[in-house]
Asks: 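Quick one: the structure is below, and I'll ask about it shortly.
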Number of protein chains: 2
Amino acid sequence: MIALEECLIFLLAKAYQHVNSVARTRLESFGVTPTQYALLHVLWEHGPQSGAALGARLRLDSASITGLIDRLAHLGLVERSPDPTDRRVSLVALTIRGAELQAPLQEAIAAFNAELDAILGAAESARLRALLRGLISAYPLPTR
Amino acid sequence: MIALEECLIFLLAKAYQHVNSVARTRLESFGVTPTQYALLHVLWEHGPQSGAALGARLRLDSASITGLIDRLAHLGLVERSPDPTDRRVSLVALTIRGAELQAPLQEAIAAFNAELDAILGAAESARLRALLRGLISAYPLPTR
DNA sequence: TATAAGTATCTTGTATACAAGCTATTTCAA
DNA sequence: TTGAAATAGCTTGTATACAAGATACTTATA
């Protein structure tokens, strides 16, 4: 019987669970979750765009994106507006408050990255990231 | 701005998401999810035990364990019975059907592990597992 | 151009996870 | 021994995620 602790899938699940839990506490004072940070990050970097574009960049399906935008809109960090060129599309853009959060939130994430680097060592951390990228590219998510 | 693809937390999230999605399809024909497999695995290995013991082994809180046992009981793979020595406790045990699934399910998981090893290479896979264990032990989950 | 195909969003249902709080029960301590 | 603290399990509420399907709109094709 192969122990659970030897199965990559369960190690991945628990490592994600632990690290995500810590990341959540590091972002707690800003009122956003790691996933919500990721969506804001895409808007900071690439500007207003449709939910479909956000979903493609974050690899989330439409149901997840709908809920994520709903919650960020409720927090007053993003807002939806109709796309004048395609009435199916609603464009998602940062609000003033969403834009203002960029600097402090990125500082918090940078500090958390540094914390993880300190735990693993810079070289090991880089190696881990490379291995994870290998896994991700080996199993591209289905295009739904 | 640190790219999301450079952040360990987001790489972990996506690697887990991808690998879990594939693992789910590998177990689909058995009617169980990877998380449900993990609970069954603990019962195969350690025998009947309380929900609290299962939660400690799987690092899941009581709400998650309650739902997980509910679903496995509904599938007819485990059953709850009162602990005669402590009336707070309900012992969780495999049913006949749950026990019968051990061999085929473990074969499927072994095949999936082999699949991941083939993608990464055995040495890289072992290294990845070691790095993930390092992360897990660096951030022990709170004892709730 | 009329229709088929494709796309964007949303909805519903299921499965994890965590936080917080409740009840019943047990254990510990003054 | 009795009142406080701890424990087991459950419930509720929130946040992801995916599957499947509905609707509205756009694009491509016959």
Side-chain angles (χ1 to χ4, degrees), chain A residues 9-10 12-25 27-28 31-39 49-56 58-75 80-92 141-144, chain B residues 9-10 12-25 27-28 31-39 49-56 58-75 80-92 141-144:
Chain A
I9 170 66
F10 298 112
L12 261 181
K14 291 305 147 181
Y16 166 64
Q17 185 180 332
H18 287 222
V19 174
N20 189 248
S21 158
V22 177
R24 182 182 301 267
T25 69
L27 297 180
E28 204 165 34
V32 301
T33 66
T35 302
Q36 290 167 8
Y37 170 90
L39 191 145
Q49 56 197 284
S50 70
L54 288 165
L58 296 171
R59 294 167 175 276
L60 295 176
D61 80 352
S62 66
S64 304
I65 281 290
T66 296
L68 194 49
I69 296 172
D70 282 351
R71 288 182 287 275
L72 285 167
H74 188 258
L75 290 171
R80 279 184 257 237
S81 60
D83 183 332
T85 71
D86 187 336
R87 284 188 295 170
R88 292 170 303 178
V89 175
S90 76
L91 292 173
V92 181
L141 284 184
T143 58
R144 260 191 312 278
Chain B
I9 171 66
F10 298 112
L12 260 181
K14 291 304 146 182
Y16 166 65
Q17 184 180 332
H18 287 221
V19 174
N20 189 248
S21 158
V22 178
R24 182 181 300 267
T25 69
L27 297 180
E28 204 165 35
V32 300
T33 65
T35 302
Q36 290 167 7
Y37 171 90
L39 192 145
Q49 55 196 286
S50 69
L54 288 165
L58 296 172
R59 295 169 176 274
L60 295 176
D61 80 352
S62 67
S64 304
I65 281 291
T66 296
L68 194 49
I69 296 172
D70 283 350
R71 288 182 288 274
L72 284 168
H74 188 257
L75 290 171
R80 279 184 256 236
S81 61
D83 182 332
T85 72
D86 187 337
R87 284 188 295 171
R88 292 170 303 179
V89 175
S90 76
L91 293 172
V92 181
L141 286 184
T143 60
R144 262 190 311 278

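The figures that follow rest on heavy atoms only: side chains count, while hydrogens, waters and symmetry mates do not. First the proteins, then the strands, lettered A, B, ... as listed; each starts at 1.
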Asks: Check whether any side-chain N or O of A/Ser21 sits under 4.0 Å from OP1 or OP2 of C/dA17, and answer yes or no.
Replies: no

Asks: Is A/Ser64 touching bases, backbone alone, or none of the nucleic acid, heavy atoms closer than 4.0 Å?
Replies: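 The residue A/Ser64 makes base contact.
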
Asks: Run the side-chain hydrogen bond (donor to acceptor under 3.5 Å, both in side chains) test against A/Thr66 and tell me which residues pass, sequence neighbours left out.
Replies: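 side-chain hydrogen bond (donor to acceptor under 3.5 Å, both in side chains) check on A/Thr66 returns nothing, list empty.
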
Asks: Can you name the residues that form a side-chain hydrogen bond (donor to acceptor under 3.5 Å, both in side chains) with B/Ser81, not counting sequence neighbours?
Replies: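 Per chain and number, B/Ser81 pairs via side-chain hydrogen bond (donor to acceptor under 3.5 Å, both in side chains) with no residue.
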
Asks: Under the rule for side-chain contact (heavy atoms from CB on, under 4.5 Å), what residues qualify as partners of B/Ala53, not counting sequence neighbours?
Replies: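 Expected list: B/Gln49, B/Ser50.
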
Asks: With sequence neighbours excluded, what pairs up with A/Arg87 under the side-chain hydrogen bond (donor to acceptor under 3.5 Å, both in side chains) test?
Replies: none

Asks: Just the atom pairs and distances: protein N or O near nucleotides 7-11 of chain D's N or O, under 3.5 Å.
Replies:
| unit_1 | atom_1 | unit_2 | atom_2 | d |
| --- | --- | --- | --- | --- |
| D/dT7 | O2 | B/Arg88 | NH1 | 2.8 |
| D/dG9 | OP1 | B/Gly51 | N | 3.3 |
| D/dG9 | OP1 | B/Ser90 | N | 3.1 |
| D/dG9 | OP1 | B/Ser90 | O | 3.1 |
| D/dG9 | OP2 | B/Gly51 | N | 3.3 |
| D/dG9 | OP2 | B/Ala52 | N | 2.5 |
| D/dC10 | OP1 | B/Arg80 | NH1 | 3.4 |
| D/dC10 | OP2 | B/Thr66 | OG1 | 3.4 |
| D/dC10 | OP2 | B/Arg80 | NH1 | 3.1 |
| D/dC10 | N4 | B/Ser62 | OG | 2.5 |

Asks: Can you tell me if A/Tyr37 touches the phosphate of D/dT16, counting only side-chain N or O atoms and a distance under 4.0 Å to OP1 or OP2?
Replies: no

Asks: Please tabulate the protein-to-nucleotide N/O contacts below 3.5 Å involving nucleotides 2-5 of chain D, giving atom names and distances.
Replies:
none

Asks: For C/dA17, does either OP1 or OP2 sit under 4.0 Å from a side-chain N or O belonging to A/Arg24?
Replies: no

Asks: Just to verify, what does B/Thr85 make a side-chain hydrogen bond (donor to acceptor under 3.5 Å, both in side chains) with, not counting sequence neighbours?
Replies: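 side-chain hydrogen bond (donor to acceptor under 3.5 Å, both in side chains) check on B/Thr85 returns B/Asp83.
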
Asks: Could you list the residues that satisfy side-chain contact (heavy atoms from CB on, under 4.5 Å) with A/Thr33, not counting sequence neighbours?
Replies: A/Arg24, A/Thr35, A/Gln36

Asks: Could you list the residues that satisfy side-chain contact (heavy atoms from CB on, under 4.5 Å) with A/Ala15, not counting sequence neighbours?
Replies: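 Once residues adjacent in sequence are excluded, the partners of A/Ala15 under the side-chain contact (heavy atoms from CB on, under 4.5 Å) criterion are B/Leu12, B/Leu132, B/Ile136.
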
Asks: Just how far, in rounded Å, is C1' of D/dT16 from OH of A/Tyr16?
Replies: 7 Å

